[in-house]
Amino acid sequence: MANVSFDFNKIPRSFFNVTLKDGRKLQVKMPKKKTFEKLQALQNMDQNAVEIDDLLDTFGALCAETLSHNLNGETVTADYMTENYDIEEMTEFIKTFYVFVGNITNDPN
């Protein structure tokens, strides 16, 4: 009979390296289910049907949640995001991160 083991701590991990405007460098981990669902919902949201303030708050909160899930243990707040980044910057970050996650989840290896 074979003795097989599996250690979740030994799985090779992928990280999304981000440099913020203030110079902080973060290694962002793959999102947990809750964050991934929010990313998907944001991708499908009709941005024309939402008030710009609500849109900025939503993007800022999601960017902050995503960026705060990092190896450095640093917290990024929604206020920091909305005060320092415009909608184009946050949209581009979310798009690029979503592609990164999609490439990892679609990789058969």
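All residue numbers in this chain count up from 1 along the given sequence. As the structure is a computational prediction, the values presented were derived from the model and not from experiment.
- In this pair, Phe100 and Phe16 present their aromatic rings tilted. The plane angle is within the 30 to 60° band.
- His69 places no side-chain N or O within donor-acceptor distance of the main-chain N or O of Lys32, the cut-off being under 3.5 Å.
- Residues Asn70 and Gln27 are not in side-chain contact: their nearest non-hydrogen atoms beyond the backbone lie 4.5 Å or more apart.
- Of the possible polar contacts, none joining the Asp57 side chain to the Ala61 backbone as a donor-acceptor pair under 3.5 Å is found.
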**Message:** Evaluate Leu67 against Leu20 for side chain to side chain contact (heavy atoms under 4.5 Å, CB included), listing each step before the verdict.
**Reply:** CA-CA 10 Å; Leu67 290 167; Leu20 299 175; 4.0 Å; yes
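- Of the possible donor and acceptor atoms, one in the side chain of Asp7 sits under 3.5 Å from a partner among the backbone N and O of Asn9.
- No more than 12 heavy atoms of other residues, nucleotides or ligands lie within 6.0 Å of CZ in Phe8, so this atom counts as exposed by the packing criterion.
- For the atom pair CZ (Arg13) and CE (Met30), the distance works out to 8.5 Å, reported to the nearest 0.5 Å.
- Looking at Phe59 and Thr82, their side chains never come closer than 4.5 Å, going by heavy atoms from C-beta outward.
- Grouping the Ile, Leu, Val, Met, Phe, Trp and Tyr side chains by contacts below 4.5 angstrom, directly or via other members, places Phe97 with Ile87.
- Contact record, Ala64 with Ala78: CB-N, 3.4 Å, taken as the closest heavy-atom pair.
- For the pair Cys63 and Ile94, the minimum side-chain heavy-atom distance is below 4.5 Å.
- The CZ atom of Phe93 sits 8.0 Å away from atom CG of Leu62, with the distance rounded to the nearest 0.5 Å.
- Between atom CE of residue Met81 and atom CG of residue Leu56 there is a gap of 11.0 Å, rounded to the nearest 0.5 Å.
- When atom types are taken as modelled, the side chain of Asn17 and the backbone of Lys25 share no donor-acceptor pair closer than 3.5 angstrom.
- Between atom CD of residue Glu89 and atom NZ of residue Lys21 there is a gap of 3.5 Å, rounded to the nearest 0.5 Å.
- Between atom CG of residue Leu71 and atom CG of residue Leu26 there is a gap of 9.5 Å, rounded to the nearest 0.5 Å.
- Residues Tyr85 and Tyr80 bring their aromatic ring centres within 6.0 Å.
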